[in-house]
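Letters go in sequence order (proteins before strands), and every chain restarts at 1.
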Amino acid sequence: MTEFERKTDIGPPHYEQFLPPVIKANYGKWDYHEIIRPGIMVHVGESGDKLYTVRCGSPRLLAITTIREFADLADKYCDGYIRWTSRNNVEFLLTDESKIEPLVKEVEGMGFPVGGTGNQISNIVHTQGWVHCHSSASDASGVVKAVMDELSPFFTGEKSLPAKMRVAYACCLNMCGAVHCSDIAILGVHTSVPVISHDDLPKMCEIPTLVASCPTGAIRPATVDGKPSVEIEDAQCMFCGNCYTVCPACTINNAETDGISIWVGGKVSNARTTPKFSKLAVPYLPNNPPRWPEVVEAVKHIVEVYAANARKHERLGEWVDRIGWPKFFELTGFEFTKYHIDDFTHAGETFNRTAQLRH
Amino acid sequence: MTEFERKTDIGPPHYEQFLPPVIKANYGKWDYHEIIRPGIMVHVGESGDKLYTVRCGSPRLLAITTIREFADLADKYCDGYIRWTSRNNVEFLLTDESKIEPLVKEVEGMGFPVGGTGNQISNIVHTQGWVHCHSSASDASGVVKAVMDELSPFFTGEKSLPAKMRVAYACCLNMCGAVHCSDIAILGVHTSVPVISHDDLPKMCEIPTLVASCPTGAIRPATVDGKPSVEIEDAQCMFCGNCYTVCPACTINNAETDGISIWVGGKVSNARTTPKFSKLAVPYLPNNPPRWPEVVEAVKHIVEVYAANARKHERLGEWVDRIGWPKFFELTGFEFTKYHIDDFTHAGETFNRTAQLRH
Amino acid sequence: MTEQRKTPLLDELEKGPWPSFVKEIKKEAHRPMANDVLGILERSYEEHISHWKHGGLVGVMGYGGGVIGRYCDLPEDFPHVKEFHTYRVNQPSAWFYTSDALRQLCDIWDKHGSGLTNMHGSTGDIVFLGGTTESLEPCFAELSHHGWDLGGSGSNMRTPSCCVGPARCEWACFDTLDACYNITQEFQDELHRPFFPYKYKFKFAGCPNDCVASIARADCSIIGTWKDDIRVDQNRVGEYAKDGVDIQAEICDLCPTSCMSWDGTTLDIDNSNCVKCMHCINVLHKALKPGTERGATVLVGSKAPIVGGALLSSVFVPFLEMEPPYEDLKELTEAIWDLWGEHGKGRERVGEFIQRVGLGNFLDEIGLEPVPEMVMHPRTNPYIFFEEELDEDEDEE
Amino acid sequence: MTEQRKTPLLDELEKGPWPSFVKEIKKEAHRPMANDVLGILERSYEEHISHWKHGGLVGVMGYGGGVIGRYCDLPEDFPHVKEFHTYRVNQPSAWFYTSDALRQLCDIWDKHGSGLTNMHGSTGDIVFLGGTTESLEPCFAELSHHGWDLGGSGSNMRTPSCCVGPARCEWACFDTLDACYNITQEFQDELHRPFFPYKYKFKFAGCPNDCVASIARADCSIIGTWKDDIRVDQNRVGEYAKDGVDIQAEICDLCPTSCMSWDGTTLDIDNSNCVKCMHCINVLHKALKPGTERGATVLVGSKAPIVGGALLSSVFVPFLEMEPPYEDLKELTEAIWDLWGEHGKGRERVGEFIQRVGLGNFLDEIGLEPVPEMVMHPRTNPYIFFEEELDEDEDEE
Ligand code: SRM
Ligand code: SRM
Ligand code: SRM
Ligand code: SRM
Ligand code: SF4
Ligand code: SF4
Ligand code: SF4
Ligand code: SF4
Ligand code: SF4
Ligand code: SF4
Ligand code: SF4
Ligand code: SF4
């Protein structure tokens with residue numbers, strides 16, 4: 001190890017060393033951009049300089065083998081310049097237009113589709129799932145792969161949509177994918193009360209912290225066969241898993257009852273309408289690896305109903321706001337249940353307090 | 001007493017006996033109406049029959065002497081038929097058009113102005129105040145009289161507005177006037193912590209009920225010189241007066257600090273926009289009888305700013321929604337303070353969670 | 001008779017164009033009671049504070065409500081308002097009277113009280129302002145003898161009220177006067193004898209203009225509406241246009257769902273997207289009319305701020321036929337009362353109760369199907385209390 | 001090398017057009033660690049449950065964050081993933097790399113870990129997926145030697161991230177890359193050593209399109225905007241119209257404040273009512289550009305649902321100049337951290353803290369003036385905690 005000089009608090013390398021010359025030259029002085037075709041953009045500087053971007057999809061989980069191949073492609077076509085997007089796609093940065101086609105051929109040959117720009121469906125922001133996280137109600141990468149296999153025509157541009165469509169996945173209510181503001185959110189849900197291991201609990205967890213962690217106050221201190229522990233009031237538990245996050249002895253994972261819910265109509269941008277949270281569409285679908293057919297089917301169905309009915313520039317949530325939620329449930333055929341009615345802290349703010357109704 | 005047969009559970013007299021023949025004949029078969037001039041309407045039946053209505057303002061607190069005079073007028077001009085409106089105005093119901101003018105002359109001669117229809121400012125819905133209620137932070141009738149003296153041109157039609165404008169008054173947070181959805185709401189407010197009479201409390205009040213009555217949990221049981229009583233955590237008190245409602249020994253009325261707040265932008269109808277709550281405009285104005293000049297001035301100012309800036313058919317709240325609250329405070333010159341920012345249960349739902357801003 | 005109290009401050013309120021409540025009180029000032037009201041009110045004006053105390057339990061035999069007890073805190077100075085209770089007399093539907101009925105009420109109040117009234121109280125009652133405890137029984141006997149009854153107060157059903165509706169309005173989608181009368185009669189026991197957790201109010205509005213503000217101040221708000229198409233008389237629309245109404249700007253652009261279009265000659269309405277807001281009908285009232293398939297939307301839960309903050313009523317039944325004897329409305333009401341009556345806390349309005357137990361659970365209990373019309377949008381938080389076999393949700397198509 | 005695990009279920013996920021994470025894992029399956037990941041993941045696919053346990057406190061000397069400890073619950077069957085920690089390596093602003101930088105990272109990870117990564121983690125870091133406790137120090141030494149540092153985890157400032165901004169976007173209203181880098185460097189101590197109540201995230205977006213979703217997932221969201229007029233090239237607008245864009249329907253009608261009008265030749269914008277939503281610029285991007293008086297709106301408090309429900313950030317500073325060294329932003333940040341640090345409960349995000357203590361009080365404490373832009377509308381409930389001399393409010397004009 002001595003061969004290396006260990007440093008701390010140095011922060012990330014300065015970005016400037018990674019910027020291609022054309023960017024340094026036109027930094028902050030871009031005039032406009034065009035999407036040449038799905039996945040391929042040109043940004044034109046006030047100087048007239050042109051920067052071409054070839055965007056390809058990625059599973060996000062990448063082997064160093066693949067990253068090295070990307071590096072080789074970058075050298076071959078981009079003078080070594082490459083970036084990733086905020087949705088985990090890869091972007092090759094070119095100045096020589098003639099190199100676009102060969103690059104596309106080669107990267108697609110490697111199995112990485114080009115697309116995801118404009119009103120294409122982009123990559124699914126997602127999380128760890130069974131690959132790395134203890135609290136996951138389902139896998140992440142697997143569900144995403146199964147769904148994207150189905151949606152890929154919308155990524156590559158074979159099929160297109162009225163507006164941007166952002167799909168996100170999170171494997172538990174912690175929502176590391178920040179799915180709460182996505183056009184379509186796929187969310188792993190636990191649906192059974194945590195099982196407490198009373199032997200481990202005193203060793204592993206601070207009881208006050210544990211009690212405080214429950215949003216509904218379902219957890220109470222209790223003495224179980226002499227040892228200090230806690231008990232959970234089943235009726236008050238809505239399976240958020242926060243107790244498990246703070247205390248490993250409250251296992252919430254359950255192979256039989258864990259599943260997946262689907263949420264729609266969120267957005268982040270301030271374009272036209274203000275940012276919106278996603279709303280519940282389907283409360284529960286079973287965990288069905290390796291390809292989660294029920295989930296794939298439901299997501300595809302939503303995309304198709306939206307594509308067939310929304311107006312140009314209308315995000316999914318904006319479309320539903322125009323036609324009304326009753327119509328959304330009618331068009332999709334999804335069942336509206338008591339689960340769709342909010343019953344948490346601000347529930348009353350979501351009740352419909354007007355006589356303005358379609359009949 | 002024996003001369004009268006005492007009955008119970010008979011309910012109100014049947015309305016039908018009070019309906020003029022023209023109404024019985026056209027009941028549910030009206031074709032259209034017109035406002036001939038402020039305060040005077042004609043309703044035309046499909047039959048072609050015409051019902052004329054002359055509406056006059058009322059202080060709501062009426063002497064039987066006056067009611068008898070109204071009865072005489074009803075006999076003289078309306079075959080005895082008369083009604084009151086949901087905003088406490090009097091409506092004379094005529095069929096003979098030629099009687100309208102003499103009636104108007106006579107009723108205005110008595111001091112009751114004709115008007116209040118259409119986009120005129122109608123009567124101020126109000127409450128008891130110092131005339132009859134123990135929890136009033138200010139008088140009701142007096143404030144209403146002072147304000148209406150100023151607004152009367154908007155009632156009679158000398159001046160007119162872009163849309164309906166409903167003004168309401170309540171003398172404490174119980175809001176018996178249901179002022180919470182008015183274009184302009186005038187609300188009496190207590191601003192000092194209740195004073196507890198520890199001697200009377202045990203006799204007069206149930207301590208558990210009292211403790212439970214506090215929305216912020218500011219009241220705690222306590223023993224004061226041996227006797228069971230309660231104590232109030234001053235910092236947690238927001239002066240709602242609910243404790244006083246349930247317990248006379250918690251006096252909240254305070255001659256020095258009671259005052260009046262002003263709220264704007266509420267509406268009830270479902271026309272165009274859904275019903276809206278009124279929002280805080282001026283947190284506090286002093287109690288200044290007999291004519292409350294500060295309150296009168298503020299209300300008049302709001303009406304005038306609205307009249308000068310709103311579009312046709314635009315209620316006050318609809319106007320502010322279009323121009324934005326920053327503009328409202330700019331145009332009125334009212335100060336925006338921390339008091340305007342909600343800090344109760346659903347406060348977070350009122351925060352501005354978007355980058356959509358005028359700069 | 002005693003000479004009139006000096007009221008320099010109140011006298012200021014005799015000036016000005018608006019009718020003066022001070023003048024009204026003075027009209028009765030020959031009565032000791034009204035004269036003392038002047039005095040005690042002047043005192044409040046001097047001191048900036050109310051001189052009334054909480055009312056104890058006063059009322060008429062067999063009734064738990066209808067009278068608000070009131071005592072002053074200066075009985076020595078103002079002996080005649082030592083007791084100054086108010087009666088709530090149940091008004092006729094939509095506040096219609098004949099001159100004789102009015103005189104009858106005046107005569108009774110002349111004999112038994114202060115001679116002062118509120119026409120009307122905020123809930124809708126005829127309010128007799130100021131009577132002694134002693135006078136309650138005789139006054140009530142005389143009232144009821146002539147066919148008048150008391151309204152509600154306390155934790156019971158409150159006096160229902162309604163808009164003028166079909167009696168004088170072309171937009172009434174159901175008979176508000178009859179429904180109001182019918183419900184009042186049906187629930188006389190609940191009106192007079194408090195055995196609810198708190199008050200429960202009904203208000204009937206014939207259309208979404210809601211001229212009784214029912215959505216803001218009734219635990220049960222019944223608001224008329226229709227199912228079919230708005231009836232349009234294109235010629236009359238044309239006349240409005242000729243008379244200077246800018247149909248595009250004043251009508252189409254203000255429609256909440258933009259479901260109307262105007263090509264200069266015909267007004268086209270996509271009724272499937274009309275939310276029955278009334279605006280176009282309000283403005284073009286000679287040309288447009290509600291449809292003929294009529295009924296009401298039933299909304300529940302509005303109230304003033306105390307304790308949890310003010311509420312507006314929220315949709316329970318999007319569309320209900322409103323034909324006598326209003327069985328569906330009565331059944332729904334009884335189901336709500338049963339549940340709230342059993343589980344509601346003291347002084348907890350039904351709107352607050354629903355939020356505490358959750359609307360979904362509440363609907364389950366009263367046996368009403370959840371429909372999307374009940375919410376502005378489905379839940380945004382993932383805190384779902386899953387219950388039944390989850391498989392039911394699988395076949396979501 | 002051990003032979004590859006049999007993974008019939010995972011193999012299903014090698015099929016189909018979308019790139020497969022299974023293929024990625026298999027590319028490294030010659031390594032025992034990646035091979036055991038295949039095995040344990042296949043087991044999860046068989047059993048429908050995760051086989052990972054909570055991570056204990058693992059990390060590198062002197063740092064409180066940057067590594068997420070992870071252990072599997074089947075160490076006998078999968079010994080090589082007994083310890084399977086992740087490193088969060090702080091990415092360069094806007095995720096720009098050179099091929100050499102990438103190879104450098106790969107070489108380091110080749111030597112010390114599983115060979116598996118996430119490019120990138122949801123917060124923005126380069127995620128090295130799976131290393132042993134023993135490997136932490138040597139790996140970190142080699143990383144830092146080459147100029148790479150760890151990102152955040154635990155109750156500290158998390159790794160800031162930013163949109164591509166001025167590097168490749170014509171709409172950037174401030175230098176997102178520089179601001180992100182500058183803030184990251186300024187607060188290195190807060191990034192590496194947890195002493196906050198909970199995590200605190202920064203995200204920088206160059207304009208209201210918010211391409212890093214900052215308003216949804218950053219405790220402090222900095223979103224570029226402008227003050228002056230949108231720059232319009234009417235000729236280019238005309239070309240769009242010629243090319244078939246319906247300016248009225250696609251632009252004017254979708255403007256949130258309807259502040260634009262189009263007469264067929266000129267696009268007129270009432271900039272005083274423009275709320276900088278970006279829509280018209282997005283669609284007519286060759287013709288329209290943000291103004292030149294640029295800065296950012298600072299919003300605070302967004303987070304995921306746990307515990308109180310998800311939050312979006314809300315407006316703190318409507319318009320802030322964003323020039324290096326970003327003193328105002330740093331001062332505001334420190335004021336917020338001081339207050340929240342002192343009074344925030346454990347695991348209470350700043351957005352939740354603000355709601356608990358009240359935004360008005362919070363502003364008082366950090367010395368920021370309340371402005372109407374901070375709220376959608378003033379309060380509707382009358383529960384006002386009056387404090388100071390009330391007379392101040394009297395002169396309301
Ligand atoms: C590369 C990237 C920024 C980065 O630093 O990585 C980016 C880049 C651009 N975005 Fe974005 N956006 C990127 C993530 C986002 C996000 C964040 C996210 O998806 O998590 C959003 C918010 C999404 C939301 O609202 O939920 C986002 C909302 C937009 C919008 C607003 C769309 C709308 O109408 O709501 C525009 C404007 C447009 O596309 O017309 C936009 C426009 C653009 C433009 C055209 C800006 C420009 O002039 O270059 C860039 C090309 C976009 C394209 O793909 O066609 N970008 N953009 C991100 C690409 C992610 C990806 O791989 O797909
Ligand atoms: C008489 C009365 C009903 C009653 O049973 O007493 C009534 C009667 C009519 N209302 Fe009303 N409204 C009456 C209280 C209300 C209320 C309740 C209130 O003010 O407390 C509202 C809700 C107010 C609100 O939204 O805050 C109300 C909202 C309307 C509207 C909707 C206005 C809007 O655009 O929001 C209309 C339609 C219109 O005027 O264009 C309307 C229209 C009408 C029409 C034109 C209906 C008709 O065809 O006859 C009636 C004549 C109105 C007029 O004054 O010009 N009426 N109207 C009430 C008169 C009160 C008064 O003395 O001023
Ligand atoms: C007389 C009247 C005001 C008026 O001048 O018209 C009135 C007067 C009182 N109301 Fe009221 N309320 C009156 C209509 C209302 C309304 C409006 C309505 O019914 O449309 C409301 C708001 C709507 C609602 O019900 O929420 C109203 C909300 C309250 C509240 C708050 C209830 C709540 O849940 O928030 C209280 C407090 C209580 O019940 O303890 C209250 C309590 C009272 C008490 C009994 C005071 C008390 O704490 O005991 C007042 C007696 C005053 C007196 O000395 O005569 N009054 N009260 C109204 C009844 C007359 C009538 O029967 O026609
Ligand atoms: C790795 C990552 C997901 C990913 O696959 O990319 C991640 C993984 C974890 N997150 Fe996260 N979060 C990650 C981004 C997020 C985001 C998104 C973001 O930062 O933009 C969010 C939502 C935004 C927010 O901060 O609210 C997020 C909200 C949470 C929460 C809920 C926090 C809350 O206040 O609601 C928790 C629970 C906790 O902190 O105890 C959490 C906790 C966790 C833990 C540490 C699990 C735990 O309870 O200890 C996960 C470790 C998984 C593992 O084994 O590696 N993670 N986490 C992301 C970090 C990678 C990176 O540094 O780039
Ligand atoms: S969402 Fe939940 S399960 Fe998935 S990575 Fe985050 S904490 Fe782990
Ligand atoms: S899962 Fe959530 S609701 Fe259930 S006990 Fe744990 S913390 Fe409470
Ligand atoms: S509003 Fe308050 S003070 Fe006025 S009458 Fe009602 S309860 Fe009494
Ligand atoms: S006035 Fe209201 S807040 Fe204050 S102690 Fe009484 S009940 Fe509580
Ligand atoms: S509510 Fe409708 S029906 Fe009733 S009076 Fe008003 S406008 Fe007419
Ligand atoms: S009633 Fe309202 S919603 Fe229906 S068409 Fe007319 S304006 Fe539009
Ligand atoms: S946020 Fe704005 S500036 Fe940044 S990349 Fe997106 S569009 Fe460009
Ligand atoms: S940026 Fe948005 S608000 Fe401003 S003019 Fe364009 S569309 Fe309208």
Side-chain angles (χ1 to χ4, degrees), chain A residues 1 4-13 15 18-19 23 27-28 30 32 43 59-65 67-68 71 74-75 80 82-84 86 111-112 130 134 136 141-142 145 148-149 152 173-178 180-181 215 242 248 253 255 268-272 275 287 289-290, chain D residues 9 12-13 16-19 21 24 27-28 44-45 47-50 52-54 62 90 92-93 95-99 102-103 106 115 117-119 122 138 141-142 144-145 147 149 166-168 170 177 184-185 188 208-210 212-213 215-217 254 277-279 285-286 304 306-307 310:
Chain A
M1 225 168 312
F4 300 112
E5 189 201 344
R6 184 188 197 271
K7 305 202 212 81
T8 67
D9 301 84
I10 58 174
Y15 56 90
F18 304 132
L19 301 178
I23 284 185
Y27 197 85
W30 297 103
Y32 67 90
H43 284 77
R60 192 181 77 129
L61 193 166
L62 291 175
I64 51 176
T65 307
I67 298 173
R68 286 176 170 139
D75 285 339
I82 183 172
R83 75 177 289 267
W84 268 260
S86 64
F112 295 90
W130 292 335
H134 59 285
S136 42
S141 314
K145 161 70 173 156
M148 281 311 283
D149 278 341
S152 81
L173 271 50
N174 282 335
M175 290 196 188
C176 296
H180 54 290
C181 298
N242 199 39
N253 299 340
V268 165
S269 81
N270 292 278
R272 298 171 306 283
N287 233 344
Chain D
L9 290 171
E12 285 301 311
L13 291 169
W18 193 251
F21 70 102
E24 292 299 314
K27 285 180 188 172
E28 305 300 323
S44 288
Y45 272 59
E47 300 173 357
H48 298 198
I49 199 151
S50 170
W52 302 106
K53 298 192 301 182
H54 279 66
N90 198 140
S93 284
W95 306 283
F96 279 94
Y97 300 91
T98 55
S99 47
L102 288 178
R103 290 195 189 91
C106 292
T117 75
N118 285 139
M119 297 291 279
S122 291
E142 193 163 346
S144 59
H145 172 85
D149 200 347
R168 199 199 56 194
E170 63 268 35
L177 289 78
T184 307
Q185 294 299 344
Q188 276 294 301
N209 282 331
D210 197 359
V212 282
I215 203 167
R217 52 196 193 112
L254 294 180
C277 86
M278 289 297 295
H279 174 71
H285 48 83
K286 288 187 195 165
I306 307 294
V307 177

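Listed here is the closest heavy atom pair of D:Leu254 and A:Arg272: O-CG, 3.7 Å. In plain terms, the two heavy atoms of A:Ala71 and D:Ser99 that are nearest each other are O-CB, 3.4 Å. In this structure, A:Ile67 and D:Cys106 approach most closely via the heavy-atom pair CG2-SG, 3.5 Å. Nearest heavy atoms, D:Ala167 versus A:Leu19: CB-CD2, 4.4 Å. The two residues D:Glu24 and A:Pro59 come nearest to each other via the heavy atoms CG-CG, 3.9 Å. The two residues D:Trp18 and A:Asp149 make their nearest non-hydrogen contact at N-OD1, 2.8 Å.
Taking the six-membered ring where the residue is Trp, the centroids of D:Trp95 and A:Phe18 are separated by 6.0 Å or more.
For D:Asn118, the side chain to side chain donor-acceptor pair (under 3.5 Å) criterion is met by A:Gln128, not counting sequence neighbours. In this view, D:Thr184 satisfies the side chain to side chain donor-acceptor pair (under 3.5 Å) rule with no residue, not counting sequence neighbours.
The contact between D:Glu142 and chain A is made by backbone and side chain atoms together, counting heavy-atom distances below 4.5 Å. For D:Lys27, the parts lying near chain A are the backbone and the side chain together; criterion is any non-hydrogen pair under 4.5 Å.
Taken to the nearest 0.5 Å, the OH atom of D:Tyr97 stands 15.5 Å off from the OH atom of A:Tyr15. With rounding to the nearest 0.5 angstrom, the NE2 atom of D:His48 is 13.5 Å from the CG atom of A:Asn253. Atom CG of A:Asp75 and atom CZ of D:Arg103 lie 4.5 Å apart (nearest 0.5 Å). To the nearest 0.5 Å, the span separating CG on D:Asp210 from OG on A:Ser269 amounts to 8.0 Å. For the atom pair CZ (D:Arg168) and NE2 (A:His43), the distance works out to 5.0 Å, reported to the nearest 0.5 Å.
Comparing D:Thr98, D:Ile215, D:Val212 by how many heavy-atom pairs each has under 4.5 Å with chain A, the most go to D:Thr98. For the set D:Ser50, D:Gly16, D:Pro92, the count of heavy-atom pairs under 4.5 angstrom toward chain A peaks at D:Ser50. Between chain A and the residues D:Pro19, D:Ala304, D:Ala216, the largest count of heavy-atom pairs under 4.5 Å involves D:Pro19. Counting heavy-atom pairs closer than 4.5 Å to chain D, the top residue among A:Cys176, A:Ala63, A:Ser136, A:Ser86 is A:Ala63. Of the listed residues (A:Pro215, A:Pro275, A:Ser141), the greatest number of heavy-atom pairs within a distance under 4.5 Å of chain D belongs to A:Ser141. Ranked by non-hydrogen atom pairs under 4.5 Å with chain A, the options D:Asn209, D:Asn90, D:Leu9 are led by D:Asn90. Each of D:Lys53, D:Gln185, D:Glu12 has some count of heavy-atom pairs under 4.5 Å with chain A, and the biggest count is that of D:Gln185.
Judged purely by atom type and a 3.5 angstrom limit, D:Glu47 has no side-chain atom pairing as donor or acceptor with the backbone of A:Ala255. Side-chain atoms of D:Thr117 come within 3.5 Å of backbone atoms of A:Leu62 as a donor-acceptor pair (strictly under, hydrogens ignored). Of the possible polar contacts, one joining the D:Asp149 side chain to the A:Ile10 backbone as a donor-acceptor pair under 3.5 Å is found. Under a 3.5 Å cut-off, the side chain of A:Lys7 and the backbone N or O of D:Gly147 do not form any donor-acceptor pair.
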Applying side-chain contact (heavy atoms from CB on, under 4.5 Å) to D:Met278 and A:Asn270, what does each step give before you reach the verdict? CA-CA 7 Å; D:Met278 289 297 295; A:Asn270 292 278; over 6 Å; no

Walk me through whether D:Ser122 and A:Met175 qualify under side-chain contact (heavy atoms from CB on, under 4.5 Å). CA-CA 10 Å; D:Ser122 291; A:Met175 290 196 188; over 6 Å; no

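Using the six-membered ring where Trp is involved, D:His54 and A:His134 have ring planes that are tilted, between 30° and 60° apart.
For the pair A:Met148 and D:Pro17, the minimum side-chain heavy-atom distance is 4.5 Å or more.
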